[in-house]
Q: 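Pasting a structure here, questions to come.
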Amino acid sequence: MEVIVSHSGGDFDALASLVAAKKIYPKAYKIIPQSLEKQVREFLSLYQDVFDFKDERHLDFDRVNKLVIVDTRLRSRIGKAETILDKKDLELHIYDHHPRTEHDLRADREISRQIGATVTILIDEIKKRKIKITPIEATVMSLGIYEDTGSLTFRTTTKEDIDALSFLISKGADLSIVSHYLNRELTEEELSILVRLIQ
């Protein structure tokens, strides 16, 4: 059995990377992180059924022989999947864009580049393999790039990220959805908490 996981506290790049990795590993189950950022939870409240994520609590990890990790290389951030990392017959694949640390997992296959978003690496694989994607898949992948690059303003943004966005727009990515989930103002309650914290 093949499984794709990402990090706890999942952001849009983690979510987008799960969706993109599923295109590359079509037999794999996508496991939704147990904790998610607020905007990601809101997005999934509308689109959960479209992406068919699995809950790690309902999966027999002992049957997993291929584990794909996206948007992290840290053992401590992958939830229940951590329990099978020492299995002798486990094949491990990692896709990540974060700087290396001494605590990183080592994989049988690893693609890692210091670019704006992990999903950009996976989009490159999708393009090379000529895999078709739907407009909603292109939209969630765009969310991942826009969020992790600060809408292309962060210093870590690369031409590769911009090229990936261009590709996604050509595949029907809906930028009005991207704008809705990324350009959010604080609620009155959040603003009140922020003011108290500052004081």
Q: side-chain contact (heavy atoms from CB on, under 4.5 Å) for V40 and L143? Distances and angles first, verdict last.
A: CA-CA 10 Å; V40 177; L143 275 163; over 6 Å; no
Q: Return all side-chain donor-acceptor pairs below 3.5 angstrom for residues 121-128, not counting sequence neighbours, or 'none' if the list is empty.
A:
unit_1: D124; atom_1: OD2; unit_2: K128; atom_2: NZ; d: 3.3
unit_1: E125; atom_1: OE1; unit_2: R129; atom_2: NH2; d: 3.2

Q: Do I177 and Y47 touch side chain to side chain, with heavy atoms closer than 4.5 Å?
A: yes
Q: Would you kindly say whether T139 and D174 are connected by a side-chain donor-acceptor distance under 3.5 Å?
A: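 Result is no, nothing qualifies.
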Q: Is the shortest heavy-atom distance from the side chain of Q114 to the side chain of P99 under 4.5 Å?
A: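 In contact.
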Q: To the closest 0.5 Å, what do you measure between CG (L90) and CD1 (I84)?
A: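 One finds 5.0 Å between CG of L90 and CD1 of I84.
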Q: Give, for atom CD of E2 and atom NZ of K27, the distance between the pair rounded to the nearest 0.5 Å.
A: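 Atom-to-atom, E2:CD and K27:NZ are 6.5 Å apart.
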Q: Would you say D163 and S166 are linked by a side-chain donor-acceptor pair, where the criterion is simply a distance under 3.5 Å?
A: no
Q: Identify the two heavy atoms, one from S142 and one from V178, that lie closest to each other, and give their separation to 0.1 Å.
A: CB-CG2, 3.9 Å
Q: Which is it for L15 and L44 under the side-chain contact (heavy atoms from CB on, under 4.5 Å) test, yes or no, and what are the steps along the way?
A: CA-CA 10 Å; L15 185 74; L44 284 176; 4.0 Å; yes
Q: For the residue pair I131 and K23, what are the closest heavy atoms and their distance?
A: CD1-O, 3.5 Å
Q: Keeping S170 on the side-chain end and F167 on the backbone end, is there a donor-acceptor pair under 3.5 Å?
A: yes
Q: For P26 versus I24, what's the shortest heavy-atom pair and its separation?
A: CD-O, 3.2 Å
Q: State whether a side-chain donor-acceptor pair under 3.5 Å links Q39 with D11.
A: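 On atom types as modelled, these side chains do not qualify, holding no pair under 3.5 Å.
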Q: Less than 4.5 Å apart, any side-chain heavy atom of Y146 and any of L175?
A: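 Side-chain contact under 4.5 Å: yes.
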Q: Could you tell me if the side chain of M141 sits less than 4.5 Å from the side chain of I133, heavy atoms only?
A: yes
Q: Do S6 and D13 have side-chain heavy atoms sitting under 4.5 Å apart?
A: no
Q: Say you draw a straight line from OG of S35 to CZ of R41; how long is it, rounded to the nearest 0.5 Å?
A: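 Reported to 0.5 Å precision, the distance equals 9.0 Å.
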Q: Is there a side-chain contact between R100 and R73, using heavy atoms and a 4.5 Å cut-off?
A: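 Contact flag for R100/R73 side chains = yes.
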Q: Please find the pair of heavy atoms, one from G144 and one from V119, that lie closest to each other, and give the distance.
A: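 Closest heavy-atom pair between G144 and V119: C-CG1, 4.3 Å.
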Q: Are R106 and D108 ion-paired here, with the side-chain N under 4.0 Å from a carboxylate O?
A: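 The answer is no: the pair does not qualify as a salt bridge.
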Q: Answer yes when R75 and D86 have at least one side-chain N-carboxylate O distance shorter than 4.0 Å, and no when they do not.
A: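 Salt bridge flag = yes for D86 with R75.
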Q: Decide if atom NZ of K66 counts as having more than 12 heavy atoms of other residues, nucleotides or ligands within a radius under 6.0 Å.
A: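 Check passes, neighbour count above 12.
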Q: Begin with the C-alpha distance, continue with both residues' side-chain angles, and end with the deciding distance and a verdict on side-chain contact (heavy atoms from CB on, under 4.5 Å) for L74 and T101.
A: CA-CA 9 Å; L74 297 175; T101 74; 3.9 Å; yes
Q: Do I162 and L165 have side chains that get closer than 4.5 Å, going by heavy atoms?
A: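 No, side chains not in contact.
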Q: Quick check: does any side chain N or O of K87 sit under 3.5 Å from a backbone N or O of D62, one acting as donor and the other as acceptor?
A: yes
Q: Would a single hydrophobic cluster contain both I111 and L67, if residues Ile, Leu, Val, Met, Phe, Trp and Tyr are joined by side-chain heavy-atom contacts under 4.5 Å?
A: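 No; I111 is not reachable from L67 via cluster members.
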Q: Do the side chains of V68 and L59 join up, straight or via other hydrophobic residues, at under 4.5 Å, putting them in one cluster?
A: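 Per the 4.5 Å side-chain linkage, V68 and L59 are not co-clustered.
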Q: Please answer whether the main-chain N or O of V3 pairs with a side-chain N or O of K54 as donor and acceptor at a distance below 3.5 Å.
A: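 Pair absent, no side-chain N/O of K54 close to backbone of V3.
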Q: Quick one: closest heavy-atom pair of A164 and I145, and the distance?
A: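 The pair with the smallest heavy-atom distance is CB-CD1, 3.7 Å.
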Q: According to the ring-ring contact (aromatic ring centres under 6.0 Å, His included) rule, which pairs have a member within residues 51-75, sequence neighbours left out?
A: none
Q: Could you tell me the separation between the CG atom of D71 and the CD1 atom of I78, rounded to the nearest 0.5 Å?
A: 13.0 Å
Q: Could you report the tightest heavy-atom contact between T72 and D96, atom names first, then the distance?
A: N-OD1, 3.3 Å
Q: If hydrophobic clusters are built from ILVMFWY residues whose side chains come within less than 4.5 Å, do V140 and Y29 share one?
A: no
Q: Distance from S76 atom OG to L105 atom CG, nearest 0.5 Å?
A: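 Taking OG in S76 and CG in L105, the distance rounds to 9.0 Å.
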Q: When rounded to the nearest 0.5 angstrom, what distance separates CG in L18 from CD1 in I4?
A: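 Between atom CG of L18 and atom CD1 of I4 there are 7.0 Å.
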Q: Using a strict 4.0 Å threshold on nitrogen-to-oxygen distance, state whether K22 and E137 make a salt bridge.
A: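 No.
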Q: With a 4.5 Å cut-off on side-chain heavy-atom distances among I, L, V, M, F, W and Y, is there a chain of contacts connecting V50 to L46?
A: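 Yes; tracing contacts between hydrophobic side chains, which count when under 4.5 Å, links both residues.
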Q: Name all pairs fulfilling the ring-ring contact (aromatic ring centres under 6.0 Å, His included) condition that reach into residues 68-118, sequence neighbours left out, sorted by first residue then second.
A: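 Those involving residues 68-118 are Y25-H93.
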Q: Might you confirm whether atom CG of D55 has over 12 heavy atoms from other residues, nucleotides or ligands at distances under 6.0 Å?
A: yes
Q: What about V5 and I32, same hydrophobic cluster or not, with Ile/Leu/Val/Met/Phe/Trp/Tyr joined at side-chain heavy-atom distances under 4.5 Å?
A: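 They do not share one cluster, since no chain of ILVMFWY contacts under 4.5 Å joins V5 to I32.
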